[in-house]
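Some notes on the structure that comes next.
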Amino acid sequence: MMSSSVVRAAAAASPTGTCSSGYRHLSRAALGIAAPTLGRRRRVMGAPLRPCVRRTAEALASDGTGAEAGASIGAEAVAGIDPAAVGAPETVSATEVEVPNLVEAPSPVDNLQLMLQALMAENAALQVKLVELAPRTEDVTARPELARVREPLGPGELLTVVDSASIKWPTPEENPPFWTRRPAALPPAVADVCEQDPNPMHVVHVTAEMAPIAKVGGLGDVVTGLARAHLCAGHNVEVILPFYSSLNEGDVENLKHVMNFDVPKGKETEWDGVRETRMEMVSTSMHTGVIGGCNVILLKPAAKERSNIFVGGKIYGGSYNELEAYLYFCRAALECLRSSGRDPQVLHVHEWQCSAVAMLYWDLYFKEGMLKNAKVMLTIHNMDNTGECREEEFIATGMKGSLFNTLERAMDERTIGHNPERLCLLKGAIVYSNFVTTVSPTYAKEALNGGGGFLGKTLMKVSRKFGGVLNGVDTNLWDAAMDPVLPANFKPGSMAGKALCKKYLQSGLGMNVDSDKPLVVCISRLVPQKGIDLIRHAITHTKEQGGQFVLLGSGHSDPEFSAMAAAEYADDPDVKLLIFYSDPLSHLMYAAADMVLVPSMFEPCGLTQMIAMCYGALPVVRKTGGLADTVFDVDDAGVAEHLKNGFVFEGADYASMDRALDRGFEYYGAKKEWWASMQEKVMEVDNSWERAGQEYIRIYNVMQNAV
């Protein structure tokens, strides 16, 4: 017979209890590399990792901070909403956990027997562990190149000592190819020391992507980078993400099923000319875990046999109707918050897939008092995707689309007079959100001046709550001083390793090994947005000018570039066209590059040019979007000297790009000392997520405090 006692459990916000993210990149996790955490902060080698967020089980249950929430920004732009100020969330008592206690105590003999059995089991487990560890020890000691690592590393030291003699120089005949080699050295565990925000907030992101395991484009990187920056600063951050069947559950740390809850969902059918709306409650499964160092909530229908939502071999493009799936997900995210007792201060939604969250929050959950604490931010990552939706399709949220199908709310004005008139989900979120951001200041300006298409008119109406915040890069993932993929590391003040990286790439790809030839690298999706014609021309022009060109990427234009690689550039010692993507190879190319070309037709933000600078490569970019906000021409007299960091052209024609490239070729050959100083200068530019995260916190506070 057993009795129970009730204990009050206190838990840290992060299941791991630290800010250790476990995230450098999937390829590194597979290699067993310890993962450092956030951006350019003071990093302490070998220091104990500190707790990220100081929360008890009370906070986990209530997820309220007691902070006062003000009225929404631009309330007059949100039709039908009365965003009155709301008070502090109710306090929820600590979680109660039943712990069984034995009534009858065992005898001393029984105790000794139990202790002996436990010791024998522990001894057997240790013997197994020793057997497992023995091969690893032999493997490490048999690899003399590991001797290049100095342990422990001091502040500012390089992961590997620059030593040409100890590098195993690659050849193009290697199989598997050289970029798949196991790193010669592993980076040490790193504890980030972040400046703590005195007013921590509870922030919930709702997104379709999250790096590293649910990543298709830059959206996933942004969500993870921003969430980790805020987590490190002491905020309570959670990310709600679809539980795609393509996700590897082993990549989610501490994955736990929390509960099932019902989500209203409708579907309109037509039979013999008669339309019928059928409503149902979809049992939805809620799991929690950790991805990329961030607390996540994963949602999916609980019954596989009744739904194929989020079922498929990849993030997008499964057998399910994507519009229906994401509308259901938006309702499920809000219902999850309500059912679990969460009432965050910020709901940060991303792209058209999650736009319905803003609409449903104000017209249902806030209006009915089910959630009362949040202000809503929308981030638009690319204006090309707006989320067109027929009125009857919106019923997948459990609410009728007719409630939102007006010009003041979410009607797509391009469809006025059509039968039927349709909704634009992104427009609805623009109208309903308290603040709208896009991923760079220049892209925001372009959106207001024609670049936003038909949405430009809506953005103009709400321009007081619209702005651009420049993305950041993960400066631990992209760190020339600590990158384990590189044959030699380098940093400002110790740049010899960069020349070795260039020689390493030239050798491995079968190119002319010549330090005097300027190496231009292009790492890009091969799609029209990225300037396909300019990339093609740059290959020819660079070779004609005596330089070298390496392309890495894939996309719609694969066949054209594959044909070039197989024909005119098949055995070219100065041009290599690699029509695929490899993360380790991209690291090697950035480190080897003298210049990195980014000739985009439009670019909301762009990470390539910022990563290039992390590795001492000078960017050559077309002046658009985020490229205009991050790269400033070295010859522009109107730019402050300390900002100059690359070569910029404005036209979309060959001649404009050629002039920028030619200046780079000229300076590389004639101004060796200047070029070397510029390499070190661009590596010092702060493109970290910590910088971007601080600006987002400023806007979050404006939303909270506005009257």
Side-chain angles (χ1 to χ4, degrees), residues 217-218 382-384 440 442-443 446 450-451 517-565 567-569 572 574-581 586 589-590 593-613 617-636 645-668:
N382 194 322
M383 296 278 184
D384 267 7
S440 71
T442 296
Y443 191 56
E446 291 172 349
K517 285 181 175 285
L519 175 60
V520 180
V521 157
C522 183
I523 300 171
S524 176
R525 288 184 295 119
L526 300 180
V527 296
Q529 173 200 340
K530 300 299 183 179
I532 294 299
D533 287 342
L534 293 177
I535 293 173
R536 186 193 309 108
H537 176 77
I539 297 168
T540 303
H541 183 75
T542 299
K543 179 173 173 58
E544 290 174 348
Q545 297 302 309
Q548 295 182 321
F549 197 102
V550 181
L551 170 67
L552 176 66
S554 63
H556 299 157
S557 299
D558 281 9
E560 177 185 353
F561 284 93
S562 294
M564 292 169 62
E568 56 191 297
Y569 297 115
D572 197 302
D574 291 318
V575 175
K576 296 299 173 185
L577 307 182
L578 310 171
I579 313 307
F580 58 90
Y581 182 75
S586 73
M589 287 173 60
Y590 282 120
D594 297 306
M595 290 175 273
V596 171
L597 177 66
V598 193
S600 303
M601 294 297 99
F602 71 93
E603 193 64 71
C605 178
L607 299 178
T608 303
Q609 77 281 9
M610 292 191 273
I611 296 171
M613 288 188 271
L618 274 61
V620 181
V621 307
R622 184 171 175 272
K623 191 174 183 178
T624 182
L627 301 175
D629 293 317
T630 52
V631 183
F632 305 96
D633 198 278
V634 298
D635 292 323
D636 189 342
N645 58 4
F647 302 94
V648 179
F649 62 97
E650 295 193 28
D653 57 294
Y654 297 161
S656 295
M657 180 182 67
D658 287 350
R659 285 191 290 271
L661 283 169
D662 289 348
R663 286 187 290 127
F665 298 149
E666 178 188 352
Y667 294 173
Y668 180 82

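- The two residues Asp384 and Phe602 have their closest heavy-atom pair at OD2-CZ, 3.4 Å.
- Between atom CE of residue Met601 and atom NZ of residue Lys530 there is a gap of 11.0 Å, rounded to the nearest 0.5 Å.
- Side chains of Glu603 and Val621 form no contact here, defined as non-hydrogen atoms less than 4.5 Å apart.
- Side-chain atoms of Ser440 come within 3.5 Å of backbone atoms of Gly626 as a donor-acceptor pair (strictly under, hydrogens ignored).
- By the 4.5 Å heavy-atom criterion applied to side chains, Phe580 and Ser554 are not counted as neighbours.
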Show the numbers, then the answer: is there a side chain to side chain contact (heavy atoms under 4.5 Å, CB included) between Leu597 and Met657? CA-CA 10 Å; Leu597 177 66; Met657 180 182 67; 4.2 Å; yes

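- Rounded to the nearest 0.5 angstrom, Phe632 CZ and Asn645 CG are separated by 6.5 Å.
- Note on Arg536 versus Asp533: salt bridge recorded, some NZ/NE/NH1/NH2 to OD/OE distance being below 4.0 Å.
- The aromatic rings of Phe647 and Tyr667 sit tilted relative to each other, their planes meeting at an angle between 30° and 60°.
- Screening Gln548, Met564, Glu568, Lys543 for a side chain to side chain contact (heavy atoms under 4.5 Å, CB included) involving Val575 leaves a single residue, Lys543.
- The heavy-atom pair separating Ser656 from Phe649 by the smallest distance is O-CB, 3.4 Å.
- Distance check: Leu534 CG to Asp658 CG gives 9.0 Å after rounding to the nearest 0.5 Å.
- Taking every heavy atom of both residues into account, Gln529 and Pro604 meet most closely at NE2-CD, 3.8 Å.
- Expressed to the nearest 0.5 Å, how far OH of Tyr443 lies from SG of Cys605 amounts to 11.0 Å.
- Among all heavy-atom pairs drawn from Val648 and Lys623, the shortest one is CG1-CB, 3.6 Å.
- The side-chain heavy atoms of Ile532 and Val527, taken from C-beta on, include no pair separated by under 4.5 Å.
- Taking a cutoff of 4.0 Å between a charged side-chain nitrogen and a carboxylate oxygen, Asp594 and Lys517 do not qualify as a salt bridge.
- Between the CG atom in Leu519 and the CE atom in Met589 there is a gap of 8.0 Å [rounded to 0.5 Å].
- Taking 4.5 Å as the limit, some side-chain heavy atom of Leu577 sits within range of a side-chain heavy atom of Ile539.
- Among all heavy-atom pairs drawn from Leu526 and Gly553, the shortest one is CD1-O, 3.7 Å.
- Across every non-hydrogen atom of Ala617 and Ala593, the tightest pair is CB-O, 3.6 Å.
- Contact check for Met613 versus Pro619: side-chain heavy atoms found under the 4.5 Å cut-off.
- Counting only N and O atoms by type, the side chains of Thr630 and Gln609 include a donor and acceptor under 3.5 Å apart.
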Stepwise side chain to side chain contact (heavy atoms under 4.5 Å, CB included) test for Val598 and Arg622: CA-CA 7 Å; Val598 193; Arg622 184 171 175 272; over 6 Å; no

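- In summary, the side chains of Tyr569 and Thr540 do present a donor paired with an acceptor at a separation below 3.5 Å, with no hydrogens or angles considered.
- Asp636 places no side-chain N or O within 3.5 Å of a backbone atom of Asp633 that could act as its donor or acceptor partner.
- Side chains of Val550 and Cys522 form no contact here, defined as non-hydrogen atoms less than 4.5 Å apart.
- Tyr654 contributes atom OH, which lies 14.5 Å from atom CZ of Arg659 (distance to the nearest 0.5 angstrom).
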Run the numbers on Leu627 and Ser600 for side chain to side chain contact (heavy atoms under 4.5 Å, CB included), then give the verdict. CA-CA 9 Å; Leu627 301 175; Ser600 303; 4.1 Å; yes

Trace of the side chain to side chain contact (heavy atoms under 4.5 Å, CB included) decision for Ile523 with Val596: CA-CA 8 Å; Ile523 300 171; Val596 171; 6.0 Å; no

